[in-house]
Amino acid sequence: MLTKKQHELLLYINDRISETGVSPSFDEMKDALGLRSKSGIHRLITALEEREFIRRLPNRARALEVVRLPDEMAAVNTPQAPRFSPSVVAGNFKNQARRAPVATPSQQGMTELPVLGRIAAGTPIEAIQHEVDRIPAPGALMGSGEHYILEVQGESMINAGIHNGDMAIIKRCDDASSGDVVVALVDEEEATLKRLRKKGASIALEAANPSYETRIYGPDRVSVQGKLVALMRRY
């Protein structure tokens, strides 16, 4: 499943190639998607390439080729069909998250929490804020404050015991200590689940899998959206 930004970029590239025969430049893609920097485009291009939706043609400038389209995108090319809008990755996490319903404990010591979608534990995905479900969680796993649940996607935190498909219980907060596993929002565009390390004036988002690199950002590029407090897993 593509994120909303990945979907938008793939559609834009496909439209431009169909119209002009040439893929758009990184500056054109950045402006079309309303991103602040080309680094976000590089990440989206890499994600689309890894998912085999596009490929780069060697020895050619602006050489991107659309290999395939999702079924939903094939539909939007017909005049009658509406544009596809992914339900799990819709909305603005930073601005809307604080309006999520507050959980209420039940008589059995369980707390019903909103499930806000998926969070990548690998390549960052677009920030998410769309309640897709509500499920009970043991109140003993949580302290005070407001909590929500995200489904983990990816394996970059596997050595920290966080597996693909786990349901991560997140305490909503906007600050964390070095070493905490957090939901981090990068460039107000993408959310990821990583271990936070504060290194002087920089912030590192550290993976727990040697196959994934640690990413380092300036403090103005990363904002904490919550801290991992517990995991639920179905075997």
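The structure presented is a predicted model; accordingly, all values stated were derived computationally and were not measured. Residues take their numbers from the sequence shown, with the count starting at 1. Scope of the values below: all heavy atoms of this structure, side chains included, with no hydrogens, waters or symmetry mates.
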Rounded to the nearest 0.5 Å, what's the gap from CG on N164 to CZ on R118? Could you check?
9.0 Å

Checking R68 now: which residues fulfil salt bridge (Lys or Arg N to Asp or Glu O under 4.0 Å) with it, not counting sequence neighbours?
none

Backbone N or O of G179 within a donor-acceptor pair of the R195 side chain at under 3.5 Å?
yes

Neighbour count >12 (heavy atoms, 6.0 Å) for atom CD, E52:
no

Return the minimal non-hydrogen interatomic distance between L69 and F53, and the atom names on each side.
C-CE2, 4.3 Å

I45 and R56, any side-chain heavy atoms less than 4.5 Å apart:
yes

Restricting to non-hydrogen atoms, name the atom on A191 and the atom on L185 that form the minimum distance, rounded to 0.1 Å.
N-CD1, 4.2 Å

Exercise: identify the closest heavy-atom pair between R43 and V186:
NH2-CG1, 4.4 Å

Is the shortest heavy-atom distance from the side chain of M167 to the side chain of V115 under 4.5 Å?
yes

With ring-ring contact (aromatic ring centres under 6.0 Å, His included) as the rule and sequence neighbours excluded, what pairs involving residues 29-50 come up?
F26-H42

Would a 4.5 Å heavy-atom cut-off, applied to side chains only, mark I170 and L228 as touching?
yes

Treating D174 as the side-chain partner and V224 as the backbone partner, does any N or O pair qualify as donor plus acceptor under 3.5 Å?
no

Can any side-chain N or O of T192 pair as donor or acceptor with the backbone N or O of A120 at less than 3.5 Å?
yes

Of all heavy-atom pairs linking V67 and I54, the shortest is CG2-C, 3.8 Å

Check whether D180 reaches the backbone of V182 with its side chain - one donor and one acceptor, N or O, closer than 3.5 Å.
no

In Å, rounded to the nearest 0.5 Å, how long is the span from NE2 of H147 to OG1 of T111?
9.0 Å

Nearest 0.5 angstrom please: N209 CG to I162 CD1, how far?
11.5 Å

Smallest separation among heavy atoms of P210 and N159, with atom names
CD-ND2, 3.5 Å

Answer yes when K194 and E206 have at least one side-chain N-carboxylate O distance shorter than 4.0 Å, and no when they do not.
no

Hey, what do you get for CG (L9) to CG (L35), rounding to the nearest 0.5 Å?
8.5 Å

Measure from the side-chain N and O atoms of D166 to the backbone N and O of V152, and report whether any donor-acceptor pair falls under 3.5 Å.
no

Under a single-linkage definition using a 4.5 Å side-chain heavy-atom cutoff for Ile, Leu, Val, Met, Phe, Trp and Tyr, are I216 and L193 assigned to the same hydrophobic cluster?
no

Between S178 (side chain only) and K198 (backbone N and O only), is there a donor and an acceptor less than 3.5 Å apart?
yes

Rounded to the nearest 0.5 Å, what's the gap from CG on L141 to CE on M232? Could you check?
8.0 Å

Heavy-atom closest pair (L196 atom, S177 atom, distance to 0.1 Å) is CD2-O, 4.0 Å

With heavy-atom distances below 4.5 Å as the criterion, would you say the side chains of L64 and M29 are in contact?
yes

What's the spacing between E19 CD and N14 CG if we round to 0.5 Å?
9.5 Å

Backbone N/O of L33 and side chain of K5: donor-acceptor pair under 3.5 Å:
yes

